[in-house]
Amino acid sequence: DSGVTQTPKHLITATGQRVTLRCSPRSGDLSVYWYQQSLDQGLQFLIQYYNGEERAKGNILERFSAQQFPDLHSELNLSSLELGDSALYFCASSASASSGNTIYFGEGSWLTVV
Amino acid sequence: AQSVAQPEDQVNVAEGNPLTVKCTYSVSGNPYLFWYVQYPNRGLQFLLKYITGDNLVKGSYGFEAEFNKSQTSFHLKKPSALVSDSALYFCAVREERNNFNKFYFGSGTKLNVKP
C-alpha cells in the first residue's frame with residue numbers, strides 16, 4: 001500500500017458527461033501529480049500541484065481541470081467526456097517539491113466512457 | 001530537455017535466468033533515476049532509485065539497477081527471474097526546475113517470464 005488513495009476505483013459514464021476523480025496523497029506529502037494511462041499512449045503526465053498551487057502542466061486537455069485543496073487532497077475534473085477519454089487515471093504524491101524524494105502512486109481510477 | 005528511453009517494448013526470459021530491462025536517459029545536471037513496476041490492473045509500485053553514491057542500487061523483490069554515467073543508462077537487473085516478476089516496468093528521471101520536481105517516465109517494458 002503506497003498510502004495514496006484514489007476514488008472511485010471504477011467509473012462508467014456516458015459521452016458528454018462530467019466526472020470528478022479524487023486523490024488523497026500520502027500523509028505529509030505536499031506534491032500531487034495526475035497521470036493518464038491508456039493502452040496506446042502509455043503513461044501521460046497531466047498536471048502537478050504543490051501545496052495548493054499548480055506547478056507544472058503536461059498534456060492536459062482544456063476539458064480537464066484539477067485543483068489541490070488546503071487539506072492537500074486533489075480532484076481531477078473531466079468534462080464533455082469522449083470515448084477516447086477512457087483510461088486509467090493515476091494520482092501520485094511526493095514529500096516535497098524538490099529533493100530526490102520518491103513519487104508514490106495510487107491504485108488508479110478506471111474511467112470507461114460509453 | 002529531459003527524457004527517458006526504454007528501447008524494448010517487451011523482454012522475454014525463462015524462469016531462473018538473469019533478466020535485464022534497459023533504460024537510457026537524457027538530463028541536464030545530476031540525474032535522479034527511478035524504476036517502477038506495474039502489475040495488471042494495479043498502480044505503479046516503486047522498486048528503487050539512484051540519487052548519488054554507489055552505482056549499483058538494490059531495491060525491492062531482489063531487483064537491482066546499475067547507473068552508468070558514461071553510457072547514460074540505468075538498466076534494471078535481476079540475477080534469477082521469477083514468473084511472478086512478469087509485469088510492466090517503467091524507468092523515470094526526475095528534473096528539478098524552479099525548486100520543484102518533474103518526473104519523466106519511459107514508455108514501459110513488458111517483462112514476460114516463462115516457466
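Letters go in sequence order (proteins before strands), and every chain restarts at 1.
- The cluster map of Ile, Leu, Val, Met, Phe, Trp and Tyr, joined by side-chain heavy atoms under 4.5 Å apart, puts A:L21 and A:Y49 in the same cluster.
- Heavy-atom neighbours of B:N17 CG from other residues, nucleotides or ligands within 6.0 Å: above the threshold of 12.
- We find the CZ-OH distance between B:F103 and A:Y35 to be 7.0 Å, quoted to the nearest 0.5 Å.
- Looking at B:Y36, its side chain does come within 3.5 Å of a backbone N or O of A:I103 through a donor-acceptor pair.
- The CG atom of A:L43 sits 5.5 Å away from atom CZ of B:F90, with the distance rounded to the nearest 0.5 Å.
- Ring pair B:F105/A:F45: centre-to-centre distance not below 6.0 Å.
- Hydrophobic cluster membership of B:L56, counting Ile, Leu, Val, Met, Phe, Trp and Tyr whose side-chain heavy atoms lie under 4.5 Å apart directly or via other members: none, as it forms a cluster of its own.
- Listed by first and then second residue, the salt bridge (Lys or Arg N to Asp or Glu O under 4.0 Å) pairs that reach into residues 9-19 of chain B come to none, sequence neighbours excluded.
- When the side chains of ILVMFWY residues are joined at heavy-atom separations under 4.5 Å, either directly or via intervening members, A:I47 and A:Y33 end up in two distinct hydrophobic clusters.
- When hydrophobic residues (I, L, V, M, F, W, Y) are linked wherever their side-chain heavy atoms come within less than 4.5 Å, the members clustered with A:V114 are A:I12.
- Residues A:V19 and A:L88 do not share a hydrophobic cluster, clusters being chains of Ile/Leu/Val/Met/Phe/Trp/Tyr side chains in contact below 4.5 Å.
- Contacts with chain A (heavy atom to heavy atom, under 4.5 Å) involve these residues of residues 37-48 of chain B, listed by number: B:Q38, B:N41, B:R42, B:G43, B:L44, B:F46.
- Only the side chain of A:Q37 comes within less than 4.5 Å of a heavy atom of chain B; its backbone N, CA, C and O stay farther away.
- In the displayed structure, B:Q10 atom CD is contacted under 6.0 Å by more than 12 heavy atoms of other residues, nucleotides or ligands.
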